[in-house]
Protein chains: 2
Amino acid sequence: MGIREKVNRELRSGLYTLFILKSVDALGETYGYEIIKYIEKKSNGKIKMKDATVYPVLRYLDRHKILRSFWATTGSGVPRKYYALTDEGKKLLKELMEDYRELEILAKNILEVKE
Amino acid sequence: MGIREKVNRELRSGLYTLFILKSVDALGETYGYEIIKYIEKKSNGKIKMKDATVYPVLRYLDRHKILRSFWATTGSGVPRKYYALTDEGKKLLKELMEDYRELEILAKNILEVKE
DNA sequence: TTACATATATAACACTGTTAGGTATAAGGT
DNA sequence: ACCTTATACCTAACAGTGTTATATATGTAA
């Protein structure tokens, strides 16, 4: 794999947890597959997270009380595991958004130097 | 370690290679230790990269002709290994900066939703 | 019946930052 | 003399995380 691709993957992967949390926030009660499609759509098809990336993250956040979850086996179709932000999750997301914006500024300081 | 700290570390680590390349670009011929201090200064002391992170990255980029390197043992003091961007490295940095700016926009699409 | 979309899960693997330790020179304080 | 700090580089072992590959299962369209 090329270096450009490698660095791009590193850049994206750092954002994954934040993307997932924000998606749950925007969608309300939602599930893994929908989150993947949501992010893909919002990024104009540019960011396609792997299911094997998303599902473990969701379970991790669930275990740590950032998300709550329940199975919905209503009617037909494959059962879905729904997730939603807990109060703790909402607080975390708020903090992470502040952290992200601060990091963006720091990155700008480093990356926009002309000398 | 807390989740907030974990996510923050993920966010930062994705930027490390780009920070290093941009630092070499800004400093001209430079060396690992100076890069670490440069990034620390530019980020107001907020980003302190570990030497064990920076040196392997520099050697990796050197091996892949993105950087060129030479030892300077002039006079007294500990010998320094200097690095500079190759033509290929300059091209890569330019591409990565475009990639980064594009990713920033994609991230904005996902993270700045109010609905 | 074939293929695709939907929907979740886990094991094995590769990659990468951290922790921890080692080596070495030089300056400043006690 | 001694100790600490700053400078300067390196590597091994560890932990964490995304990818690849695989498995399971339902519903729909060609």
Side-chain angles (χ1 to χ4, degrees), chain A residues 1-20 23 27 29-41 45 47-64 67 69-83, chain B residues 1-20 23 27 29-41 45 47-64 67 69-83:
Chain A
M1 189 184 39
I3 295 180
R4 185 178 179 184
E5 197 183 329
K6 192 167 90 74
V7 175
N8 269 293
R9 198 162 68 177
E10 285 167 19
L11 285 169
R12 277 153 192 247
S13 68
L15 291 160
Y16 282 171
T17 302
L18 195 53
F19 283 168
I20 289 170
S23 298
L27 295 166
E29 289 179 342
T30 184
Y31 53 95
Y33 192 82
E34 190 179 40
I35 292 169
I36 292 168
K37 295 300 163 190
Y38 175 77
I39 290 172
E40 188 177 339
K41 189 183 156 206
I47 298 173
K48 300 183 188 215
M49 293 183 67
K50 304 294 157 81
D51 52 3
T53 299
V54 174
Y55 293 121
V57 171
L58 288 172
R59 272 183 288 113
Y60 174 87
L61 294 171
D62 192 8
R63 272 202 311 283
H64 288 78
L67 300 178
S69 67
F70 58 92
W71 282 95
T73 47
T74 53
S76 62
V78 184
R80 294 171 179 166
K81 194 173 187 181
Y82 281 85
Y83 294 90
Chain B
M1 189 185 35
I3 295 181
R4 185 178 178 182
E5 195 183 342
K6 193 167 89 77
V7 175
N8 269 293
R9 198 164 68 181
E10 286 168 18
L11 284 168
R12 276 155 193 246
S13 67
L15 292 159
Y16 283 171
T17 302
L18 194 53
F19 282 168
I20 289 171
S23 299
L27 294 165
E29 287 179 344
T30 184
Y31 53 97
Y33 193 82
E34 191 178 39
I35 292 170
I36 293 168
K37 294 300 164 191
Y38 175 76
I39 291 172
E40 189 176 339
K41 191 183 156 205
I47 297 173
K48 300 185 188 211
M49 293 183 68
K50 304 295 158 74
D51 53 1
T53 299
V54 173
Y55 293 121
V57 171
L58 287 171
R59 272 182 290 110
Y60 174 86
L61 294 171
D62 192 8
R63 273 204 310 283
H64 288 77
L67 300 177
S69 68
F70 57 92
W71 282 94
T73 48
T74 52
S76 61
V78 184
R80 294 172 178 165
K81 192 171 187 181
Y82 280 85
Y83 293 90

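So that the names make sense, note that chain A is the first sequence line, chain B the second, and so on, each numbered from 1.
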Subject >> Inter-residue atom distance A:Leu15.CG - B:Glu10.CD, 0.5 Å rounding >> reply: 10.0 Å
Subject >> Separation of D:dT17 C1' from B:Asn8 CG (nearest whole Å) >> reply: 17 Å
Original post:
Is there a residue in residues 51-59 of chain B whose heavy atoms reach under 4.0 Å of DNA chain D, and which residues are they?
Top reply: B:Asp51, B:Ala52, B:Tyr55, B:Arg59
**OP:** Rounded to the nearest angstrom, tell me the gap between atom OH in B:Tyr60 and atom C1' in C:dA14.
**Re:** 13 Å
**OP:** Would you kindly give the CZ-to-P distance between B:Arg63 and D:dC10, to the nearest whole Å?
**Re:** 12 Å
Original post:
Considering only heavy atoms, which members of residues 9-17 of chain A lie under 4.0 Å from some atom of DNA chain C?
Top reply: A:Glu10
**OP:** Could you tell me the separation between the CD1 atom of B:Ile36 and the C1' atom of D:dA8, rounded to a whole number of Å?
**Re:** 9 Å
Original post:
Which listed nucleotide (C:dT8, D:dT7, D:dA25) is nearest to the side chain of A:Val78?
Top reply: D:dA25
Original post:
Within this structure, what is the CD1-to-C1' distance between B:Ile20 and C:dT16, rounded to whole angstrom?
Top reply: 12 Å
Original post:
So, A:Glu5 and A:Arg9, do they make that salt bridge, N to O below 4.0 Å?
Top reply: no
Original post:
How far apart are the closest heavy atoms of B:Asp62 and B:Leu67, and which atoms are they?
Top reply: OD1-O, 3.1 Å
Original post:
In whole angstroms, how far is the P atom of D:dT19 from the CD atom of A:Glu5?
Top reply: 11 Å
Subject >> Short side-chain N/O contact from B:Lys50 to OP1 or OP2 of C:dT19, under 4.0 Å >> reply: yes
Subject >> Shortest non-hydrogen separation from B:Lys81 to B:Tyr31 and the atoms involved >> reply: O-CB, 3.2 Å
Original post:
Within this structure, what is the CG-to-C1' distance between B:Leu61 and C:dC15, rounded to whole angstrom?
Top reply: 15 Å
Original post:
Got a second to check how far B:Tyr60's OH is from B:Ile20's CD1, nearest 0.5 Å?
Top reply: 12.5 Å
Original post:
How many angstroms lie between OG1 in A:Thr17 and CZ in A:Phe19, if you round to the nearest 0.5 Å?
Top reply: 10.5 Å
Subject >> Nearest-Å distance for atom pair CD1/P, residues A:Ile39 and D:dG18 >> reply: 12 Å
Original post:
Does B:Lys37 have any salt bridge (charged side-chain N to carboxylate O under 4.0 Å, His left out) partners at least two apart in sequence or in another chain, and if so, which?
Top reply: B:Glu40
Original post:
Taking OP1 and OP2 of C:dA7, is either one under 4.0 Å from a side-chain nitrogen or oxygen of A:Tyr31?
Top reply: yes
**OP:** Enter the distance from A:Thr30:OG1 to A:Tyr82:OH here, rounded to the nearest 0.5 Å.
**Re:** 7.5 Å
**OP:** Please check the phosphate of D:dA6 (OP1 and OP2 only) for any side-chain N or O of B:Lys37 closer than 4.0 Å.
**Re:** no
**OP:** Looking only at non-hydrogen atoms, find the nearest pair between B:Met49 and B:Ile39 and report the distance.
**Re:** SD-CD1, 3.6 Å
Subject >> A:Met49 or A:Pro79, whichever maps to the more 5' nucleotide of DNA chain D >> reply: A:Met49
